[in-house]
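This report concerns only the one structure given below.
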Amino acid sequence: MEWRKCYLDLMLVPSGVLIVTAYHVWLWHKVRTRPLDTIIGLNASGRRYWVSSIMKDNDKKNILAVQTLRNTIMGSTLMATTSILLCSGIAAVLSSTYSIKKPLNDAVYGAHGEFIMALKYVTLLLVFLISFLCHCLSIRFTNQVNFLINVPQGHQQVCITPDYVSGLLEKGVILNTAGNRVFYGALPLLLWIFGPVLVFLCSVTLVPVLYNLDLVIGNGNDDGTTTGKKGKVDEIDVQIMETF
């Protein structure tokens, strides 16, 4: 049967990946051009003001800073642990002598060969490893911020400025966001085990869900009332994108 061959895999899986990739390219452009319309831009602006406020009044807010950063590290640690556990599970399946594809042969459209099944699991393994790496790097930068944000200001020999600390924090947040997005992208690939049709349907469903989570609806006005704020956020956004 034609359905048993790899035509569906060659058409639907790349199409689903392309849809998700195109959305994130559009989101990246949106963050650079109109950051006030995105959650990423607004949060970046708030974090920079937060770092400046903490370092300006460090004697009273040092505990707040440490607790906030600790919670951020715990979130990244949870995602990194989940990713590496899933990697271990996939590696166990790959090394197992049991052929998991046999019970699915009569129920799944698409290719069922040994090569395509190995490709599915290896792709998932690589995706979760990338997510794990991003979260580990995020923890590294956030740990640096945990120390530097409490450095006393006013000493001539201290070169730690709020802008420098904000830049480190943004690197950690960007890596954390990238790790989360890669982790989300693993969901359609996980459904690839049950056929390429589910990959495409999940990708098409994932994009509107992320759209509603990434954009701020009704934040600005057409009469230009947010023009002053937009100039400041554009400057902040340029500093964020320089971390790539």
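Please read these numbers as outputs of a predicted model, since none were measured by experiment.
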query: Would L187 and V20 show up in the same hydrophobic cluster when neighbours are defined by side-chain heavy atoms closer than 4.5 Å?
result: no

field: Over all atoms of both residues, closest heavy-atom pair of L198 and F194
entry: CD1-CB, 3.8 Å

query: In Å, rounded to the nearest 0.5 Å, how long is the span from OG1 of T68 to CD1 of I73?
result: 11.0 Å

- request: Using atom types as modelled and distance alone, determine if a side-chain donor or acceptor of Y23 lies under 3.5 Å from a backbone N or O of L210.
  value: yes

query: How about V216 and T38: do any of their side-chain heavy atoms sit closer than 4.5 Å?
result: no

4.5 Å side-chain heavy-atom contact, T81 and L78: no

- prompt: Heavy-atom distance under 4.5 Å between the side chains of F141 and V173, does that happen here?
  reply: no

message: What I'd like to find out is whether the side chain of W192 reaches to under 4.5 Å of the side chain of I116, using heavy atoms alone.
response: yes

Shared hydrophobic cluster for L69 and I139 (ILVMFWY, side-chain gaps under 4.5 Å): no

- prompt: Going only through I, L, V, M, F, W and Y residues with side-chain contacts under 4.5 Å, is there a path from L18 to V13?
  reply: no

- request: Heavy atoms only: give me the nearest P188-V199 pair and the separation to one decimal.
  value: O-CG2, 3.2 Å

message: Restricting to non-hydrogen atoms, name the atom on A65 and the atom on I54 that form the minimum distance, rounded to 0.1 Å.
response: CB-CG2, 3.6 Å

- prompt: Would you say the side-chain atoms of N176 pair up with the backbone N or O of G172, donor to acceptor, closer than 3.5 Å?
  reply: no

query: Under 3.5 Å, is there a donor-acceptor pair between the side chain of H29 and the main chain of V25?
result: no

Straight-line distance of C136 SG to L133 CG, nearest 0.5 Å: 7.0 Å

query: Between the side chain of S45 and the main-chain N/O of G41, is any donor-acceptor distance below 3.5 Å?
result: no

query: Do you reckon F147 sits in the same ILVMFWY cluster as M74, going by side-chain contacts under 4.5 Å, direct or chained?
result: no

- line: When every non-hydrogen atom of L27 is compared with those of D214, the smallest separation belongs to CD2-OD2, 3.4 Å

- request: Please answer whether the main-chain N or O of L201 pairs with a side-chain N or O of T205 as donor and acceptor at a distance below 3.5 Å.
  value: yes

message: With a 3.5 Å distance limit and no angle check, can you tell me whether S131 reaches the backbone of V127 through a side-chain donor-acceptor pair?
response: no

query: Is there a side-chain contact between T77 and H135 (heavy atoms, below 4.5 Å)?
result: no

field: Under 3.5 Å donor-acceptor, N212 side chain and P208 backbone
entry: yes

statement: G16 and F200 have their tightest heavy-atom pair at N-CD1, 4.0 Å

- line: For I40 and R47, the nearest pair of non-hydrogen atoms, with its separation, is O-NH2, 4.4 Å

- request: Answer yes or no: are there more than 12 heavy-atom neighbours, outside I63 itself, under 6.0 Å from its atom CD1?
  value: no

message: Walk me through whether L86 and F183 qualify under side chain to side chain contact (heavy atoms under 4.5 Å, CB included).
response: CA-CA 11 Å; L86 291 172; F183 193 89; 3.9 Å; yes

query: Is the backbone of C134 close enough, under 3.5 Å, to the side chain of S138 for a donor and an acceptor to pair up by distance?
result: no

- prompt: Do the side chains of L12 and V197 get nearer than 4.5 Å, heavy atoms only?
  reply: yes

task: Establish whether L10 and V204 are linked, either directly or via other cluster members, by ILVMFWY side-chain heavy-atom contacts under 4.5 Å.
output: no

statement: Separation between OG (S203) and CG (L191), nearest 0.5 Å, reads 9.0 Å

L124 vs I193 side-chain heavy atoms within contact, under 4.5 Å: yes

- prompt: Do L85 and F128 touch side chain to side chain, with heavy atoms closer than 4.5 Å?
  reply: no

- request: Could you list the residues that satisfy side chain to side chain contact (heavy atoms under 4.5 Å, CB included) with V165, not counting sequence neighbours?
  value: V51, M55, V145, L148, I149, I160

message: Distance check, rounded to the nearest 0.5 Å: C87 atom SG versus L126 atom CG?
response: 8.5 Å

query: What is the distance from atom CE of M79 to atom OG of S76, rounded to the nearest 0.5 Å?
result: 9.0 Å

field: Distance in Å, R181 CZ paired with T21 OG1, rounded so as to fall on 0.5 Å steps
entry: 12.5 Å

